[in-house]
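Have a look at the structure below before the remarks.
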Number of protein chains: 2
Amino acid sequence: MSGALPPLRRGRRSGGSDSRELILATARRLFAEHGFDGTSLRQVAREAEVDPAMVHHFFKGKDELFAQSIELPADPDEVLAGVEELDPGQRAEAIVRAVLRLWESPAQHGLVAFVRGTIGSKAKTALLREMVARTILSRITAGLPGSPEEAKMRGNLVATQVVGLMLMRYVVRLEPLASASQDEVVRLVAPNVQHYLTGELAHPTDSQ
Amino acid sequence: MSGALPPLRRGRRSGGSDSRELILATARRLFAEHGFDGTSLRQVAREAEVDPAMVHHFFKGKDELFAQSIELPADPDEVLAGVEELDPGQRAEAIVRAVLRLWESPAQHGLVAFVRGTIGSKAKTALLREMVARTILSRITAGLPGSPEEAKMRGNLVATQVVGLMLMRYVVRLEPLASASQDEVVRLVAPNVQHYLTGELAHPTDSQ
DNA sequence: TAACTTATTCATCAGGTGATGAATAAAAGG
DNA sequence: CCTTTTATTCATCACCTGATGAATAAGTTA
């Protein structure tokens with residue numbers, strides 16, 4: 001039990017270090033696991049073995065850290081590239097494939113974080129709604145036959161199916177769905193998505 | 001500017017009061033809007049115009065308050081009553097109707113809170129998974145033809161569609177879906193749910 | 001009326017939170 | 001070499017969190 005502690009390690013560490021990346025990686029993981037509110041800067045710093053003040057040195061604050069952690073998971077332009085040009089009759093499979101590919105890419109952590117953080121608060125949910133409506137649905141429903149109102153509803157229905165699929169497979173991890181192969185998932189759900197896109201939307205019942 | 005402040009109001013208020021219910025109602029609303037972590041006891045107390053300590057007087061702590069706030073939204077037995085006895089070929093409409101009815105009942109606040117609180121954390125998501133698998137899916141897939149594995153997958157697929165629908169309609173509030181009538185929603189999505197229950201699940205493609 | 005129970009508030013605790021500014025050490029640039 | 005920039009840590013701040021125990025007032029019961 002010596003009294004002399006090792007000399008203070010204040011100041012720059014010798015030898016290059018990538019603390020910034022380390023912090024980001026840790027933040028990504030923790031945000032994905034516990035959401036925005038459930039993750040503290042100090043927790044990130046602790047697990048990255050770094051002083052809490054470093055987080056403020058590299059990022060302006062918690063918000064910026066979060067923003068950079070989820071590094072918007074690739075813009076929809078890229079993910080849905082080519083979908084618009086496809087014949088509506090074949091669009092469903094392309095959409096489902098694109099979504100599965102995205103969620104099984106390195107972006108997965110960030111996406112889970114995004115979903116958790118976004119559904120947890122009313123304000124953020126509103127942001128999500130705007131974003132989904134403008135960037136994603138418009139692309140999916142481009143060039144559908146029928147009235148614009150009908151196209152919007154078709155887009156909404158596609159969203160219910162696709163979002164439900166992502167949530168159950170990647171967030172809730174329901175089995176056996178979570179372990180099924182991409183091809184199998186496409187086979188199973190693409191037909192229903194296609195039905196929402198171009199199928200006959202049930203006739204208003206005559207009764208009522 | 002009299003020096004004499006109004007006498008301290010410590011002690012029981014005269015006239016009956018229903019602070020307990022007031023706290024519960026406020027908690028329900030706030031949990032639904034901001035989730036579990038995003039809601040503090042003091043915030044609940046403030047908006048209920050009550051001292052924070054009252055919350056501890058009536059409930060053991062934040063966890064118990066949360067638990068009582070979401071007052072498990074009616075057990076699945078009740079909500080899905082009768083679904084098991086229905087012919088699988090007609091089950092879809094009953095399921096969708098039951099879900100819509102539930103979400104447009106007074107339980108809605110609690111349900112939104114439950115979803116927000118539950119998706120926000122990994123641990124709670126695991127609880128949700130167990131609960132959904134045991135209590136809901138088993139009921140929905142009872143008596144389906146085919147292997148047990150196939151029935152489980154069919155149940156999973158139904159879950160993707162139903163959960164996606166609830167999320168988009170009641171949590172994200174995507175339009176025009178959120179404003180559609182119950183009957184219209186049933187007409188639009190029940191056929192796809194029925195397909196998951198009893199339809200032909202696409203043949204393994206010969207290629208691959 | 002006296003004793004007891006319940007409702008209500010106050011004062012306070014220990015601990016976690018995000019944030020800031022200064023001190024120190026290494027690296028980079030001149 | 002000296003200067004500037006960058007990385008790192010420390011010591012704090014003010015604030016909010018959930019929680020507890022005691023003080024007080026009203027209702028309830030004996």
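In what follows, chains carry the letters A, B, and so on, assigned in the order in which the sequence lines appear, proteins first and then strands, with residues in each chain numbered from 1.
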For this session: Mind calculating the distance between CE (A:M54) and P (C:dA25) to the nearest angstrom?
Result: 16 Å

Exercise. Atom CZ of A:F58 and atom C1' of C:dA19: how far apart are they, to the nearest Å?
Worked result: 17 Å

Exercise. Considering heavy-atom distances to DNA chain D, does A:D18 or B:Q43 have its closest nucleotide positioned more toward the 5' end?
Worked result: A:D18

Exercise. To the nearest angstrom, how far is A:D37 atom CG from C:dG16 atom P?
Worked result: 18 Å

For this session: Could you tell me whether A:R20 contacts a base, only the sugar-phosphate backbone, or nothing, with contacts defined as non-hydrogen atoms closer than 4.0 Å?
Result: nothing

For this session: Take atom NZ of A:K60 and atom P of C:dT20, then tell me their distance rounded to the nearest Å.
Result: 11 Å

Exercise. If you find the nucleotide of DNA chain C closest to A:L41 and the one closest to A:A53, which residue's nucleotide is nearer the 5' end?
Worked result: A:L41

Problem set entry | Any N/O donor-acceptor pair, A:R42 side-chain to C:dG18 base, under 3.5 Å | yes

For this session: Counting heavy atoms from C-beta on, name the nucleotide in C:dT9, D:dC10, D:dG18 closest to the side chain of B:D51.
Result: C:dT9

Problem set entry | Validation row: A:L24, A:Q68 side chains within 4.5 angstrom (heavy atoms) | yes

Seminar exercise, completed: Of the candidates D:dG18, D:dT8, D:dG27, the side chain of A:R13 sits closest to D:dT8

Exercise. So does B:R154 pair up with B:E149, basic N to acidic O under 4.0 Å?
Worked result: no

For this session: Provide, to the nearest angstrom, the distance between the CZ atom belonging to B:R10 and the P atom belonging to D:dA26.
Result: 13 Å

For this session: Could you state the atom-to-atom distance from NZ of A:K62 to P of D:dC16 in whole Å?
Result: 15 Å

Name every donor-acceptor pair, under 3.5 Å, that has one atom in a side chain of residues 43-51 of chain B and the other anywhere in the protein, sequence neighbours excluded.
from, atom 1, to, atom 2, distance (Å)
B:Q43, OE1, B:S40, N, 3.4
B:E47, OE1, B:R29, NH2, 3.0
B:D51, OD1, B:A53, N, 2.8

Exercise. Does the C:dT6 base have a donor-acceptor partner in the side chain of B:R12 within less than 3.5 Å?
Worked result: yes

Exercise. Counting only side-chain N and O atoms of A:S40, is one of them less than 4.0 Å from OP1 or OP2 of C:dT17?
Worked result: yes

Exercise. Taking all atoms of both residues into account, what is the closest heavy-atom pair of A:E104 and A:Y170, and its distance?
Worked result: OE2-OH, 2.5 Å

For this session: Could you check how far CD of B:E21 sits from P of C:dT8, rounded to whole Å?
Result: 12 Å

For this session: Taking only the side-chain nitrogens and oxygens of A:S17, find out if one of them lies under 4.0 Å from OP1 or OP2 of D:dA7.
Result: no

For this session: Measure the distance from NE2 on A:H56 to C1' on D:dT12 and round it to the nearest whole Å.
Result: 14 Å

Seminar exercise, completed: The reported gap from NZ in B:K60 to CG in B:L65 (rounded to nearest 0.5 angstrom) is 13.0 Å

Problem set entry | First encountered from the 5' end of DNA chain D, between B:S14 and B:R46 | B:R46

